[in-house]
Amino acid sequence: MEAYKAPAAIILLLMRRNNGKEQVLLQRRKNTGFADGMWDFSCAGKVEDGETMSQTALREAKEELEVEIFPESLQFAALVHKRDRAANLIYYNAYFICRKFCNEPTIGEPEKCSQLRWFDADSLPDDLIDDRKRAFNAYLNGERYIEYGW
């Protein structure tokens, strides 16, 4: 791995209360080259040059889910220092939560997402990407930093 070339990404969790239960929106990935066919959190994307992580979250929400989010609605959840041995990559993934957004989420990139669905936060599917599941559980347990894949 070349020095100073570890990419950063954001993972955004749109959440809501429905019938007294906390729910999180998941997307089923397709044609991305990473974990296709599996569930992922609401949206995810690489931080682009000159962009902050929170700006990335706002951009990705608009592109992938067609929702508007005000910056003050983002809440930092966790940072995951991830090693992907299969791809020989190290990532810095920042997780943000948003409970207040405009518009009903829809699939904005149908070539990369086959389905959106709300799940109860305490009943996530078994085929949710493992490092995402670990990050969410860490957040629920008050951990804000985890290392994965080392």
Side-chain angles (χ1 to χ4, degrees), residues 6-48 51-84 87 89-150:
I10 64 90
I11 291 88
L12 178 66
L13 290 79
L14 285 190
M15 299 189 74
R16 70 178 186 185
R17 289 204 66 77
N18 187 36
N19 295 324
K21 289 212 156 220
E22 192 80 21
Q23 292 186 321
V24 62
L25 184 67
L26 300 184
Q27 62 164 302
R28 189 172 296 276
R29 300 176 64 92
K30 75 173 187 181
N31 300 322
T32 67
F34 172 73
D36 290 328
M38 296 187 73
W39 287 105
D40 197 353
F41 286 117
S42 308
C43 67
K46 291 180 182 157
V47 178
E48 294 180 358
E51 190 175 56
T52 67
M53 288 183 163
S54 59
Q55 288 170 334
T56 302
L58 301 176
R59 176 181 54 77
E60 291 289 348
K62 189 180 288 188
E63 290 174 4
E64 293 186 23
L65 303 171
E66 300 183 348
V67 296
E68 292 283 335
I69 295 174
F70 297 106
E72 61 271 14
S73 297
L74 286 178
Q75 174 193 354
F76 174 76
L79 180 69
V80 177
H81 188 194
K82 176 184 173 179
R83 182 174 188 171
D84 182 338
L89 285 175
I90 295 172
Y91 268 90
Y92 298 94
N93 290 338
Y95 287 72
F96 291 90
I97 291 176
C98 178
R99 289 182 170 85
K100 188 175 180 182
F101 46 91
C102 301
N103 307 330
E104 184 62 28
T106 60
I107 297 173
E109 296 179 335
E111 69 281 3
K112 296 180 183 177
C113 175
S114 64
Q115 187 179 6
L116 287 177
R117 184 171 151 203
W118 292 98
F119 286 86
D120 291 345
D122 63 358
S123 180
L124 298 176
D126 290 337
D127 60 344
L128 176 63
I129 299 169
D130 189 60
D131 63 285
R132 309 310 205 228
K133 200 179 311 185
R134 288 271 316 276
F136 188 64
N137 288 333
Y139 165 75
L140 293 176
N141 292 322
E143 296 175 59
R144 296 298 175 258
Y145 172 75
I146 66 168
E147 294 171 347
Y148 180 88
W150 296 90

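- Sorted by first and then second residue, the salt bridge (charged side-chain N to carboxylate O under 4.0 Å, His left out) pairs with a member in residues 132-150 read Asp40-Arg132; sequence neighbours excluded.
- To the nearest 0.5 Å, atom CG of residue Leu116 and atom CH2 of residue Trp39 are 7.5 Å apart.
- With hydrogens and angles disregarded, no donor-acceptor distance shorter than 3.5 Å links the side chain of Arg29 to the backbone of Gly37.
- Note that CG of Asp131 and CG of Asp84 are 8.5 Å apart. Values are rounded to the nearest 0.5 Å.
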Legend entry - Full working for side chain to side chain contact (heavy atoms under 4.5 Å, CB included) between Asn31 and Lys112: CA-CA 5 Å; Asn31 300 322; Lys112 296 180 183 177; 5.7 Å; no

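- You'll find the side chain of Ile90 reaches within 4.5 Å of the side chain of Trp150, heavy atoms only.
- Residue Phe34 qualifies as enclosed at atom CZ: its count of foreign heavy atoms under 6.0 Å is above 12.
- A donor-acceptor distance shorter than 3.5 angstrom exists from the side chain of Ser42 to the backbone of Leu14, with no hydrogens or angles considered.
- When atom types are taken as modelled, the side chain of Asn93 and the backbone of Ile11 share no donor-acceptor pair closer than 3.5 angstrom.
- Lys30 contributes a side-chain N or O that, together with a main-chain N or O of Pro110, makes up a donor-acceptor pair within less than 3.5 Å.
- Here the NZ atom belonging to Lys82 is positioned 9.0 Å from the CG atom belonging to Leu89, to the nearest 0.5 angstrom.
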Inset, instruction - Would you sort out whether Met15 and Val24 count as a side chain to side chain contact (heavy atoms under 4.5 Å, CB included), showing the intermediate values? - result: CA-CA 4 Å; Met15 299 189 74; Val24 62; 4.1 Å; yes

Legend entry - Chi angles and distances behind the side chain to side chain contact (heavy atoms under 4.5 Å, CB included) call for Leu128, Phe41: CA-CA 8 Å; Leu128 176 63; Phe41 286 117; 4.0 Å; yes

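- Taking the six-membered ring where tryptophan is involved, the planes of His81 and Tyr145 are tilted, since the angle between them lies from 30° to 60°.
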Inset, instruction - Any chance you could lay out the side chain to side chain contact (heavy atoms under 4.5 Å, CB included) test for Tyr139 and Ile146, step after step, and finish with the verdict? - result: CA-CA 10 Å; Tyr139 165 75; Ile146 66 168; over 6 Å; no

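- Considering OH of Tyr91 and NZ of Lys46, their distance stands at 3.5 Å, rounded to 0.5 Å.
- Contact check for Phe101 versus Ser73: no side-chain heavy atoms found under the 4.5 Å cut-off.
- At least one side-chain heavy atom of Phe136 sits under 4.5 Å from a side-chain heavy atom of Leu124.
- Here the CE atom belonging to Met38 is positioned 9.5 Å from the CG atom belonging to Asp126, to the nearest 0.5 angstrom.
- Taken to the nearest 0.5 Å, the CG atom of Leu58 stands 6.0 Å off from the CD1 atom of Ile69.
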